[in-house]
Amino acid sequence: MNPHSHGTVITKQLLNDFPLSADTLASVFVDFYWEKYKQNYHSNNSLNGTIFENLIVLALAREGINNIYHQTELTYVPSAIFDVFLYNPGRPMALSIKTSLRERWKQADLEALAIKQVHKDASCYVLTLSDSEVATRRNNTSNYAGLDGFVLANTDEFDTFIEDLKNSQFSIAGHSPIIKESRNCYTVAELRRQFNLPMQ
């Protein structure tokens, strides 16, 4: 079983075995299920990344963020697969989702620079769980040029970030000239059905 399908099975099991109320804050949702995953499953780097991505996508959907492109490629932005892309004509948003940063934030920064060559008004953020690595990056802002910032997904920073996202309506982008591959676009309704997700 590949990591993505295995990750979906585990994510469903976590939500089923450890239900949370619909009014749970997004940061608490992510932190709670991440800890339950670590306590109950044998992890590896690939599976960890998939679970974390799933939790972020579901946390966004729980808050009413719609039309979430997951692991998608954009036209005219070659050799880059975006973990999450949210399309708004005036404010597209690209999210790089990493359990830890190490050197991977550099790739996210290069991808952010690339997307901004095509979508001038795009915002690009890294969502992560590593507070020490985020502190290091924030103390060296001159080291990155494309990214707009870093968000700790298991803290109230994530809740504030989502409240800002709610000020934008995200829509289906279409295949061309924006989205090269759109099979991984998820609506709130689809995610709710697939994961039996309680909504606020």
Side-chain angles (χ1 to χ4, degrees), residues 2-5 7-8 30 45-61 63 65-130 133-134 137-138 140-153 157-158 161-162 164-188 190-191:
N2 68 54
H4 284 283
S5 60
T8 297
V30 171
N45 287 340
S46 179
L47 186 57
N48 292 353
T50 299
I51 296 295
F52 185 43
E53 287 177 20
N54 287 348
L55 293 178
I56 294 296
V57 168
L58 292 172
L60 295 173
E63 296 290 335
I65 306 299
N66 214 349
N67 301 310
I68 302 168
Y69 287 93
H70 181 224
Q71 290 292 324
T72 199
E73 188 175 357
L74 306 186
T75 308
Y76 308 130
V77 186
S79 305
I81 303 294
F82 292 92
D83 295 333
V84 165
F85 181 72
L86 303 169
Y87 178 67
N88 175 286
R91 189 199 179 197
M93 181 81 63
L95 306 180
S96 181
I97 302 170
K98 310 296 181 192
T99 55
S100 62
L101 301 183
R102 294 191 290 275
E103 296 298 303
R104 287 181 289 182
W105 67 270
K106 294 180 180 179
Q107 179 65 30
D109 191 45
L110 291 173
E111 291 172 353
L113 285 169
I115 194 174
K116 288 181 177 182
Q117 293 297 312
V118 179
H119 303 281
K120 306 293 186 189
D121 297 321
S123 297
C124 303
Y125 290 87
V126 173
L127 275 58
T128 187
L129 297 167
S130 179
E133 292 174 314
V134 166
R137 298 281 67 80
R138 287 174 177 168
N140 296 278
T141 57
S142 62
N143 287 353
Y144 55 91
L147 290 169
D148 293 283
F150 298 82
V151 178
L152 290 168
E157 290 181 8
F158 188 42
F161 181 75
I162 287 179
D164 181 57
L165 289 183
K166 289 180 180 179
N167 293 324
S168 299
Q169 286 290 111
F170 298 108
S171 60
I172 299 293
H175 289 278
S176 180
I178 299 161
I179 299 292
K180 186 171 182 179
E181 177 55 70
S182 62
R183 71 181 185 278
N184 293 339
C185 183
Y186 301 111
T187 64
V188 170
E190 287 168 337
L191 290 168

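Note that these values count all heavy atoms, side chains included, but never hydrogens, waters or copies made by symmetry.
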Subject >> Tyr125 to Phe150 - nearest heavy-atom pair and separation >> reply: CD2-N, 4.4 Å
Subject >> Student check: side-chain heavy atoms of Asn67 and Thr187 closer than 4.5 Å >> reply: yes
Original post:
Do the non-hydrogen side-chain atoms of Thr99 and Thr128 ever get within less than 4.5 Å of each other?
Top reply: no
Original post:
Are any of the side-chain heavy atoms of Ile172 and Cys185 separated by less than 4.5 Å?
Top reply: yes
Enumerate, atom names and distances included, each donor-acceptor pair closer than 3.5 Å involving a side-chain atom of residues 82-94, sequence neighbours excluded.
unit_1	atom_1	unit_2	atom_2	d
Asp83	OD1	Gln71	NE2	2.9
Asp83	OD2	Ile97	N	2.7
Asn88	OD1	Gly90	N	2.8
Asn88	OD1	Arg91	N	3.0
Asn88	ND2	Gln169	O	2.8
Arg91	NH1	Ser168	OG	3.2
Arg91	NH2	Asp164	OD2	2.5

Original post:
What are the two closest heavy atoms between Ala108 and Val126, and how far apart are they?
Top reply: CB-CG2, 3.8 Å
Original post:
If you take all heavy atoms of Leu101 and Arg137, which pair is closest and at what distance?
Top reply: CD1-CG, 4.0 Å
**OP:** Measure the shortest side-chain to side-chain distance between Leu74 and Tyr69 over non-hydrogen atoms and say whether it is less than 4.5 angstrom.
**Re:** no
**OP:** Nearest 0.5 Å please: distance from the CG atom of Leu191 over to the CG atom of Asn66.
**Re:** 9.0 Å
Subject >> Spacing of Ile162 atom CD1 and Leu165 atom CG [to the nearest 0.5 Å] >> reply: 6.5 Å
Subject >> Separation between NZ of Lys98 and CD of Glu133, rounded to the nearest 0.5 Å >> reply: 12.5 Å
**OP:** Could you tell me the separation between the CD1 atom of Ile115 and the CG atom of Asp121, rounded to the nearest 0.5 Å?
**Re:** 11.5 Å
Subject >> Ring geometry between His70 and Tyr186 (parallel below 30°, tilted from 30 to 60°, perpendicular above 60°) >> reply: tilted
**OP:** Working to the nearest 0.5 Å, report the span between OG of Ser100 and CH2 of Trp105.
**Re:** 14.0 Å
Original post:
How far does CG of Leu147 sit from OG of Ser123, to the nearest 0.5 angstrom?
Top reply: 11.0 Å
**OP:** Any pair with a residue in residues 104-116 that passes salt bridge (charged side-chain N to carboxylate O under 4.0 Å, His left out), sequence neighbours left out, goes on the list, sorted by first then second residue, please.
**Re:** Glu103-Lys106, Lys116-Asp148
**OP:** State, to 0.1 Å, how close Ile68 and Ala61 come at their nearest heavy-atom pair, and which atoms those are.
**Re:** CD1-N, 4.0 Å
